Structure formats: structure tokens, C-alpha cells
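A short worksheet on the structure shown next.
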There are 2 protein chains.
Amino acid sequence: MSALQKYDIYQAIADPTRREVLKLLAEKERPISEITSHFPMSRTAIAKHLHVLSEAELVVGKKVGREKRYRLQPEPFSELKQWLSYFDQFWGNKLSILKHVVEKGEKEELKVIKAEYES
Amino acid sequence: MSALQKYDIYQAIADPTRREVLKLLAEKERPISEITSHFPMSRTAIAKHLHVLSEAELVVGKKVGREKRYRLQPEPFSELKQWLSYFDQFWGNKLSILKHVVEKGEKEELKVIKAEYES
DNA sequence: TTAATATGAAACTAATTGGTTTCTCTTTTT
DNA sequence: AAAAAGAGAAACCAATTAGTTTCATATTAA
């Protein structure tokens with residue numbers, strides 16, 4: 001997160017409404033009004049949520065005619081994934097090992113996992 | 001998150017101090033005062049953060065003599081992981097495919113990935 | 001047993017958050 | 001050209017958050 005950013009991904013996803021907005025935008029690009037129609041609150045409230053998501057770079061908006069269309073920008077999720085992976089050592093599942101392998105690209109470790117899956 | 005819970009994992013990890021506390025507790029079990037020594041704020045402030053983390057079930061505390069020792073309870077991370085995995089389709093990396101494989105246990109897909117790694 | 005340590009709980013505060021309403025501006029539609 | 005639709009911006013508000021200070025209680029150490 002740059003110093004100018006007011007919101008990071010952690011704050012952005014803390015709000016349930018914003019998480020729902022992200023799910024909607026995962027399906028497809030949508031203008032503000034269309035997003036608003038899925039929630040029991042005003043357009044301005046949703047617009048503010050979109051600003052937060054935008055500052056966290058989870059979404060990006062472009063103007064099309066009189067509409068502003070937002071789409072998902074999932075890159076920041078990787079930071080969250082990385083943060084989460086730190087705690088995988090205490091979760092002790094195969095997934096955490098696989099993640100480690102994929103991130104580090106260590107083929108030797110992959111062989112061990114392959115062997116486990118084939119046994 | 002149960003209905004009685006005031007904080008869920010999303011809110012719990014939104015605060016940078018709480019994320020640091022989690023990292024400290026990932027290393028080992030620690031009493032409140034020892035945790036506090038790592039931060040430029042009062043013990044009561046840290047105690048409150050621990051209450052939040054505790055409600056989110058990310059930590060659990062036990063009384064030992066006059067100390068209250070907290071340790072990590074990483075189970076709630078899996079909910080966050082699951083939520084995150086929904087967006088993997090837009091991230092398009094091998095990791096997301098591997099996660100899918102591991103979670104579903106589909107060996108056939110794993111063979112495809114193995115082939116990719118061996119090429 | 002007295003002092004020091006570790007914590008809990010309550011009351012208070014400033015800043016932030018998540019919502020509202022109102023007004024304006026731009027763009028489309030009729 | 002007039003009306004409708006979509007959005008931005010500002011002002012406002014109540015609740016929540018993240019911190020503080022103070023005081024009380026329990027436990028250990030000297």
C-alpha cells in the first residue's frame with residue numbers, strides 16, 4: 001500500500017457490503033446504479049464503498065457515457081494471500097505445502113507431494 | 001461467525017496492530033505484558049486488541065498464575081482462505097489451480113499440473 | 001507482610017466509519 | 001428542447017473504534 005492510500009485491502013474487505021460488491025464485480029463489470037440495486041442502501045453509500053475498494057485497488061472504474069462502470073482488479077489479493085500463507089505453518093494441511101512449493105518453485109518438494117498423492 | 005460474535009476475522013485483521021499481534025503469537029504463546037512490550041501503546045490497548053482477536057477466535061487465552069497467556073488459533077483463517085479462493089478465477093495462476101485440486105482431491109487435474117512442472 | 005507485577009474494568013475522548021439528504025452537472029432519451 | 005437517468009460532491013449525523021487514564025483485584029517476590 002502506498003503512503004497516499006487511505007485504505008488497504010485489509011480494511012477494504014472488513015465491511016460485508018464491500019465483500020458483496022466484490023462478488024458482484026467478480027461476475028462482470030457493472031455500473032454504480034446496477035450495483036446499488038442489489039443493496040438496501042442509497043447510491044451514494046455504494047459509491048463510497050466503491051471509492052474505498054478503488055483506493056485499495058481492488059476495483060477500477062471507467063466512465064462510459066453517463067455511467068461509471070467498475071470492474072474487479074484482483075491483484076491486491078495476492079498480498080493478502082501472502083500474508084495468510086505465513087500462518088499456514090500452524091494450519092498443517094497439504095494445501096499450505098503446495099502453496100509453498102508453487103510460490104518458491106521448488107520441484108524437489110513437489111516430487112514429495114506427488115508421491116503422497118500417488119500412494 | 002456466530003450471531004453472538006461482535007467481531008469476525010475480516011474485522012479482526014483490518015487493524016495493523018492486530019495483524020502484528022497475530023505474527024507475534026504465531027511464534028509462540030505470550031502473556032499480555034510481553035506482547036505489549038512490542039508496541040508503542042498501553043497495555044489496556046493491547047488487551048482490547050486481544051479481546052477482538054479472541055472474539056474472532058483467532059487467539060485463545062488461558063490464565064497462568066497472574067499472567068494471561070494467549071496463543072494462536074488459526075482455524076478461522078480457513079474461512080478467509082475459502083472466501084479468497086472464489087476470486088482465484090480472476091487471478092489465473094497455477095496456485096489457484098493447485099488449491100482447487102487440493103480442496104477437491106481431483107487426481108486427474110493434478111496430473112496435468114505435474115506434467116506442466118516436468119516440462 | 002509488604003511491595004511489585006499482571007491483569008481487569010470503567011469512564012472518557014478524538015477520529016473514523018457508514019450511512020443519509022440535498023444539490024449540481026453531464027449525458028441520454030423522448 | 002425538455003425530461004429522465006447516472007453520477008459526483010458536500011454537509012451532516014449516529015455509532016463504532018482505538019486509544020487514554022484511573023482504580024481495583026489477584027498473584028508472586030523480597
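What you see is a predicted model, and the numbers here were worked out from it, not measured in a lab. Side chains are part of it too, since the values below use all heavy atoms of this structure and drop only hydrogens, waters and symmetry mates. Here is how names work: the chains are called A, B, and so on, in the same order as the sequence lines, proteins then strands, and each is numbered from 1.
- Going from atom NZ of K62(B) over to atom P of dT27(D) covers 17 Å, rounded to whole Å.
- Each of G65(A) and H49(A) has a nearest nucleotide on DNA chain C; the 5'-most of these lies closest to H49(A).
- Note: CD (E55(A)) to P (dG18(C)) measures 13 Å, nearest angstrom.
- Across all strands shown, S33(B) has heavy atoms under 4.0 Å from sugar-phosphate atoms exclusively, and none from any base.
- Between I46(B) atom CD1 and dT17(D) atom P the separation is 17 Å, expressed in whole Å.
- In this structure, A14(A) and R43(A) both approach DNA chain C, and ranking their closest nucleotides by distance from the 5' end singles out A14(A).
- Taking only side-chain nitrogens and oxygens, K68(B) comes nearer than 4.0 Å to OP1 or OP2 of dG8(C).
- Of all heavy-atom pairs spanning E57(B) and P76(B), the tightest one is O-CG, 3.2 Å.
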Counting primed atoms, P, OP1 and OP2 as sugar-phosphate and everything else as base, the B/S/- map of nucleotides 10-17 of chain C against protein heavy atoms under 4.0 Å is -B-----S
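- For the pair R30(B) and L25(B), the minimum side-chain heavy-atom distance is below 4.5 Å.
- For the OP1/OP2 pair of dT20(D) and a distance below 4.0 Å, the side-chain nitrogens and oxygens of S42(B) include at least one atom meeting the criterion.
- Nearest approach of K6(A) to E55(A), heavy atoms of both residues: N-OE1, 2.8 Å.
- Regarding R30(B), its CZ atom lies at a distance of 19 Å from the C1' atom of dT7(C), rounded to whole Å.
- L84(A) is listed as a side-chain neighbour of K81(B), based on a closest heavy-atom distance under 4.5 Å.
- Between I9(A) atom CD1 and L80(A) atom CG the span is 4.5 Å, to the nearest 0.5 Å.
- When distances are taken from the side chain of I32(B) to each of dG8(C), dA7(D), dA4(D), the shortest belongs to dG8(C).
- Rounding to whole angstrom units, CZ of residue R69(A) and C1' of dG6(D) are separated by 12 Å.
- M41(A) has its CE atom 16 Å from the C1' atom of dC13(D), to the nearest Å.
- The base of dA7(D) does not come close enough to the side chain of R66(A) for any donor and acceptor atom to sit less than 3.5 Å apart.
- Taking CG from L24(B) and NE2 from H38(B), the interatomic distance works out to 5.0 Å, rounded to the nearest 0.5 Å.
- Taking atom NE2 of H51(B) as the reference point, atom C1' of dT7(C) lies 9 Å away to the nearest angstrom.
- Nearest to the side chain of P31(B), among dT7(C), dT29(C), dT5(C), sits dT7(C).
- Nucleotide dG18(C) holds its P atom 11 Å from the CG atom of L53(A), rounded to whole Å.
- Between E34(A) and Y70(A), the closest side-chain pair of non-hydrogen atoms is not below 4.5 Å.
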